[in-house]
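These notes concern the structure reproduced below.
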Amino acid sequence: MARKASNTRKAVVTIAAWSIGFLIFFPILWIIILGFKSEGDAIKTPLQVLFSDWTLQSYHDVQARSNYGRHFWNSVILSVGSTVIALAIAIPAAWSMAFVPGRRTKDLLMWMLSTKMMPAVGVLVPMYLLFRDFGLLDSRIGLVGVLTLINLPIVVWMLYTYFKEIPGEILEAARMDGASLKSEILYVLTPMAVPGIASTMLLNIILAWNEAFWTLQLTTSQAAPLTQFIASYSSPEGLFYAKLSAASTMAIAPILILGWFSQKQLVRGLTFGAVK
Amino acid sequence: MATAHSRTAARLMLSPAVILLLLWMIVPLGMTLYFSFLRYNLLMPGMETFVGFENYYYFINQPAFWSALSNTLILVLGVLCITVVGGILLALLLDQPFWGQGIVRVLVIAPFFVMPTVSALVWKNMFMNPVNGIFAHIAKSLGLQPFDFLSHAPLASIILIVAWQWLPFATLILLTALQSLDREQQEAAEMDGAGWMQRFVYLTVPHLTRSITVVILIQTIFLLSVFAEILVTTNGGPGTASTNLTYLVYAQSLLNYDVGGGSAGGIIAVILANIVAIFLMRMIGKNLEA
């Protein structure tokens, strides 16, 4: 009897959860569907859209007309480049704060976090002028620099919370066995730290890929990543739903897949370790 | 000896990150502060003069400032209400046992990974467009007049779009918190005769309080500077109906070339964000000790 009741309950929860999940996911599902329709069909009523013919035409059009490839590579270079540089700077910093904490380590961490609280618009004007004067507007180098700096605090923090969980006794044991600092890092710490570094990397690639303030302000065409490329569809000419959908699908697909792998790290990274 | 050695090494490893962040914080912010006291227009180079607080005076006294300020607050509060309440309900639902938990979780989280320009354009065109949008199709099939969301309710429409992006974040964090709830404590309370409501109020809510605070504070930091969603949907309009502080500063400095006024606005935005930041830092700082 109790078993049956709980099964009914489970069925009700299942239906409710699936309906809400579907509703939330629907806009994404819809652009995936529209991307495979012709422009004429894409603006019809939802049911007509569903039963119209499928085509790859929009994908061809987007590739041919707007140089999608360049924007895609810009996104890859900007997000991966800024993440790798940030990691190179942050790993030693987080390592030293986690394993050789000083009196001011906590203050230092809080201060790093506080730089993240500064709204981007507060430094928009000087950044724009600096970029203009140094000829960095619409250059990938300049933007990689900015993205590195805005994500550096998150990278340091995430790495710190991961490194903090590596037990210090292991280091002591290694030291007792006569391991040097170098072999300590190489053979003891690195294997334990790799998962944390990997999740930090994943989350930061996602954040940099979707960053849409600086990428919109500081690029126009040459260095423009996918955020800017999609924004160029905001003033369309003629029929464009299917093409916008195809372009959008291509812009979000890689990160959607990466994102699903990093759900757990997302919570930790974005709450600076406050929720695990 | 060894410790002195490793301390020096630690400082060396720390310094690049510290120096870079220090420069990043001081140089541009210092420049913004400096510009905010100048009469400085990009169309009239070489004419910069020191004007004291005049830029602040004009920035605050333009009608657009007050509507931008109230729009910023409405946007933040509106999105917070929807995402926190919706997030709690959704997290409670997803925490129940049901078939296909993993898949539904993936579906619910997905909007968070969609880049802001994509979600804004998709909502603008495929859903809210008064002719071809899905909402218009639904309205027509019910015999109603289609509603032009972005011209008649621009701010509410943007709130809806941004809330769709942030609901997954709130849900995911609250769900993570729920799953760390002590099951034995729950069962003990149930055995002692506590009803569903009592268990929720006395066990679940106190357990969630901290995560809710974290969600509110972190979202506020991001929501204060919503930009791309406004740029591609309404351009802050009609008039200033959907202009927030970030967009106003952008318009003033890069569309009107008023560097001085824009800088003053930037400093005001920094001050506003700092008020929120102080609370957030306290929360996280406490957690660091625990």
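By convention in this document, chain letters (A, B, ...) are assigned in the order of the sequence lines, proteins followed by strands, and residues within each chain are numbered from 1. Please read all numbers here as calculations on a predicted model, not as lab measurements. These numbers come from the heavy atoms of this one structure, side chains and all, not from hydrogens, waters or symmetry mates.
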| note | To the nearest 0.5 Å, atom CG of Leu256(A) lies from atom CD1 of Ile28(A) at 5.5 Å

| field | Leu108(A), part contacting chain B, at a heavy-atom distance under 4.5 Å | value | side chain

| message | Under a 4.5 Å cutoff for heavy-atom pairs, which residue among Asn235(B), Val108(B), Leu224(B), Ile134(B) has the most contacts with chain A? | response | Ile134(B)

| Is it the side chain or the backbone of Gln228(A) that comes within 4.5 Å of chain B heavy atoms, both, or neither? | neither

| task | Would you please say whether a donor-acceptor pair under 3.5 Å links the side chains of Tyr40(B) and Asp258(B)? | result | no

| Contacting region of Leu152(A) [heavy-atom separation from chain B under 4.5 Å] | side chain

| Within a radius of less than 6.0 Å around CZ of Phe134(A), do more than 12 heavy atoms belonging to other residues, nucleotides or ligands occur? | no

| field | Interface moiety of Ile206(A) toward chain B, non-hydrogen atoms closer than 4.5 Å | value | side chain

| field | Modelled atom types, side-chain donor and acceptor of Gln165(B) and Ser119(B), under 3.5 Å | value | yes

| request: Go through the atoms of Ala11(A) and report whether side chain, backbone, both or neither lie under 4.5 Å from a heavy atom of chain B. | output: both

| field | Which atoms of Leu254(B) approach chain A - backbone, side chain, both or neither, heavy atom under 4.5 Å | value | side chain

| task | Measure the acute angle between the ring planes of Phe240(A) and Tyr233(A), then classify it against the limits of 30° and 60° as parallel, tilted or perpendicular. | result | parallel

| Is it the side chain or the backbone of Leu34(A) that comes within 4.5 Å of chain B heavy atoms, both, or neither? | side chain

| query | Going by atom types alone, do Thr45(A) and Gln48(A) pair a side-chain donor with an acceptor below 3.5 Å? | reply | yes

| By a 4.5 Å heavy-atom criterion (distance strictly below it), what part of Leu130(A) contacts chain B: side chain, backbone, both, or neither? | side chain

| request: With a 4.5 angstrom heavy-atom cut-off, could you sort out which part of Trp164(B) is near chain A: side chain, backbone, both or neither? | output: side chain

| message | Counting the benzene-type ring for Trp, do Phe22(A) and Trp18(A) have ring centres under 6.0 Å apart? | response | no

| query | In terms of the angle between their ring planes, are Trp166(B) and Phe222(B) parallel, tilted or perpendicular, with boundaries placed at 30° and 60°? | reply | tilted

| message | Just so I understand: if I count every heavy-atom pair under 4.5 Å between each of Lys140(B), Arg105(B), Gln179(B), Glu229(B) and chain A, which residue has the most? | response | Arg105(B)

| Heavy-atom pair count under 4.5 Å with chain B, highest-scoring of Ala120(A), Pro119(A), Ala251(A), Gly21(A) | Pro119(A)

| query | Non-hydrogen atoms of chain A under 4.5 Å away: do they reach the side chain of Tyr34(B), the backbone, both or neither? | reply | neither

| task | Determine the interplanar angle of the Phe112(B) and Phe169(B) rings, folded into 0 to 90°, and report it as parallel if under 30°, tilted if 30 to 60°, perpendicular if over 60°. | result | parallel

| message | Need one label for Ile89(A): side chain, backbone, both or neither, based on atoms under 4.5 Å from any heavy atom in chain B. | response | both

| Between Val18(B) and chain A, which part of the residue has a heavy atom less than 4.5 Å away: side chain, backbone, both or neither? | both

| remark: Bottom line for Trp209(A): the part with an atom under 4.5 Å from chain B's heavy atoms is both

| Going by atom types only, do Thr83(B) and Gln219(B) share a side-chain donor-acceptor pair under 3.5 Å? | yes

| message | Under 4.5 Å from any heavy atom of chain B, what part of Ala90(A) do you find: side chain, backbone, both or neither? | response | neither

| query | Between Arg11(B) and chain A, which part of the residue has a heavy atom less than 4.5 Å away: side chain, backbone, both or neither? | reply | neither

| message | For the interface with chain B, which of Ala94(A), Ala247(A), Ser96(A), Gly102(A) has the highest count of heavy-atom pairs at distances below 4.5 Å? | response | Ser96(A)

| Under 4.5 Å between any side-chain heavy atoms of Ser248(A) and Leu121(B), yes or no? | no

| Leu272(B) versus chain A, heavy atoms under 4.5 Å apart: side chain, backbone, both or neither? | neither

| query | What residue, out of Thr115(A), Thr227(A), Leu226(A), Leu216(A), has the most heavy-atom pairs lying under 4.5 Å from chain B? | reply | Thr227(A)

| said: Counting heavy-atom pairs closer than 4.5 Å to chain A, which one of Ala228(B), Ala110(B), Ser141(B) comes out on top? | reply: Ala110(B)

| message | Is Leu129(A) in contact with chain B via its backbone, its side chain, both, or neither, using a 4.5 Å heavy-atom distance? | response | side chain

| request: Would you mind checking which part of Leu167(B) comes under 4.5 Å of any heavy atom in chain A, side chain (CB onward), backbone (N, CA, C, O), both or neither? | output: side chain

| Between Leu29(B) and chain A, which part of the residue has a heavy atom less than 4.5 Å away: side chain, backbone, both or neither? | both

| field | Per-residue contact mode, Leu93(B) against chain A (heavy atom under 4.5 angstrom) | value | both

| field | Ring centres under 6.0 angstrom apart (Phe163(A), Tyr160(A)) | value | no

| query | Non-hydrogen atoms of chain B under 4.5 Å away: do they reach the side chain of Pro254(A), the backbone, both or neither? | reply | neither

| task | Tell me, for Tyr250(B) versus chain A, whether the close heavy atoms (under 4.5 Å) come from the side chain, the backbone, both or neither. | result | both

| query | Using 4.0 Å as the upper bound for N to carboxylate O, is an ion pair formed by Asp41(A) and Lys44(A)? | reply | yes

| message | Tell me if a side-chain donor or acceptor on Asn244(B) pairs with a main-chain N or O of Ala68(B) at a distance below 3.5 Å. | response | no

| query | Okay, side chain of Asn210(A), backbone of Phe113(B): is any donor-acceptor separation there less than 3.5 Å? | reply | yes

| query | Does any heavy atom of chain A fall under 4.5 Å from the side chain of Leu231(B), the backbone, both, or neither of them? | reply | side chain

| task | Tell me, for Ile278(B) versus chain A, whether the close heavy atoms (under 4.5 Å) come from the side chain, the backbone, both or neither. | result | neither

| field | Residue part contacting chain A, namely of Leu42(B), when any heavy atom lies under 4.5 Å | value | side chain

| task | Sort Leu124(A) into side chain, backbone, both or neither according to what part of it lies under 4.5 angstrom from a heavy atom of chain B. | result | side chain

